[in-house]
Amino acid sequence: MARQKIQIKKIDNTAARQVTFSKRRRGLFKKAQELSTLCDAEIALIVFSAAGKLFEYSSSSVSQVIERHNQHPQTPEKPEPPSLELQLENSTCAALSKEIAQQTQRLRQMKGEELQGLKIEELIELEELLEAGLCSVVEEKAERIRTEISDLQRKGDLLREENERLRKEVENISEAPLLQQGHSSESITTNICSLSDPNQGLHNSDTSLKLGLPFSN
């Protein structure tokens, strides 16, 4: 005959309740002792009956177990789940970190490093990419060189114009004293001619000569 399952509820009969308490208390203490012995656990049980009588069991000392319980840190509360905004930020950071890692590896491959794991198709694609980049670099360099040459030619033209202007100024400065000297010579020549010309009133001057001895005083 199968054992009848007892319904777990308060026993109304006082005598039966007392008998059940005594049996189950001894069974509880026995299980606690077995657990302590088998698992080397420190256990303390405190039971008060309905009449207020104290029953206790401890693998060492009830007071020591209680003191250890009081000194033990409380179990930390379960942290609240992160907010939706924080989840999005974490997801974005994870995606950016992954992309940075991929681009870093790609850069190393373009420098000729870490090529062992690439397939032939990937190597061909990398080669074409490098060739296209090299062509762009060559074209940009040629354009820079042409621009620099044009700038140098323009500066050279400006320098030649400046040199021509300075040369003309020097020539003008050199010709000025000669012109002044020419004007002075013409003035001297004119004055000499005026003095030697008999038509300039020399006949009006008193130039008579007297012969003989000077008068005596």
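The chain is numbered in sequence order, starting from 1.
Put simply, CG on N70 and CD on E67 are 7.5 Å apart, with the number rounded to the nearest 0.5 Å. If you take CG on L96 and CD on E89, they are separated by 11.5 Å, rounding to the nearest 0.5 Å. Distance CD/E125 to CG/L130: 10.5 Å, rounded to 0.5 Å. The CD atom of Q18 sits 6.5 Å away from the OG atom of S49 when rounded to the nearest 0.5 Å. L129 CG to I124 CD1: the interatomic distance, rounded to the nearest 0.5 Å, is 13.5 Å. The CG atom of N172 sits 10.0 Å away from atom CZ of R167, with the distance rounded to the nearest 0.5 Å.
For R144, the CZ atom is loosely surrounded, since the number of other residues' heavy atoms within 6.0 Å does not exceed 12. By the 6.0 Å contact criterion, CD on E162 is enclosed, its count of non-hydrogen atoms from other residues, nucleotides or ligands being greater than 12. No more than 12 heavy atoms of other residues, nucleotides or ligands lie within 6.0 Å of CD in E99, so this atom counts as exposed by the packing criterion. Within a 6.0 Å radius of CZ in R106, other residues, nucleotides and ligands contribute more than 12 heavy atoms. Crowding of I120 atom CD1: a count of heavy atoms from other residues, nucleotides or ligands under 6.0 Å not exceeding 12.
Side-chain N/O atoms of E42 and S60 include a donor and acceptor closer than 3.5 Å.
Side-chain atoms of S91 do not come within 3.5 Å of backbone N or O of Q87 as any donor-acceptor pair. Judged purely by atom type and a 3.5 angstrom limit, E122 uses its side chain to pair as donor or acceptor with the backbone of K119. Judged purely by atom type and a 3.5 angstrom limit, S36 has no side-chain atom pairing as donor or acceptor with the backbone of D40. Counting only distance, with no hydrogens or angles, the side chain of R17 and the backbone of I11 share a donor-acceptor pair below 3.5 Å.
Hydrophobic cluster membership differs between F29 and L54, with clusters built from Ile, Leu, Val, Met, Phe, Trp and Tyr side chains linked at under 4.5 angstrom. Tracing side-chain contacts under 4.5 Å through hydrophobic residues (I, L, V, M, F, W, Y), one reaches Y57 starting from L28; they form part of the same cluster. Note on I100: it does not cluster hydrophobically with M110, by side-chain heavy-atom contacts below 4.5 Å among ILVMFWY residues. Tracing side-chain contacts under 4.5 Å through hydrophobic residues (I, L, V, M, F, W, Y), one reaches F55 starting from L45; they form part of the same cluster.
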Criterion side chain to side chain contact (heavy atoms under 4.5 Å, CB included) on E56 and V47, from CA distance to verdict: CA-CA 6 Å; E56 63 181 20; V47 180; over 6 Å; no
Criterion side chain to side chain contact (heavy atoms under 4.5 Å, CB included) on V19 and F21, from CA distance to verdict: CA-CA 5 Å; V19 172; F21 173 78; over 6 Å; no
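When all heavy atoms of A32 and I43 are compared, the closest pair comes out as O-CD1, 3.3 Å.
Using a 4.5 Å heavy-atom cutoff, the side chains of S150 and R154 are not in contact.
Checked for salt-bridge contact, R165 and E169 meet the test: a charged N lies under 4.0 Å from a carboxylate O.
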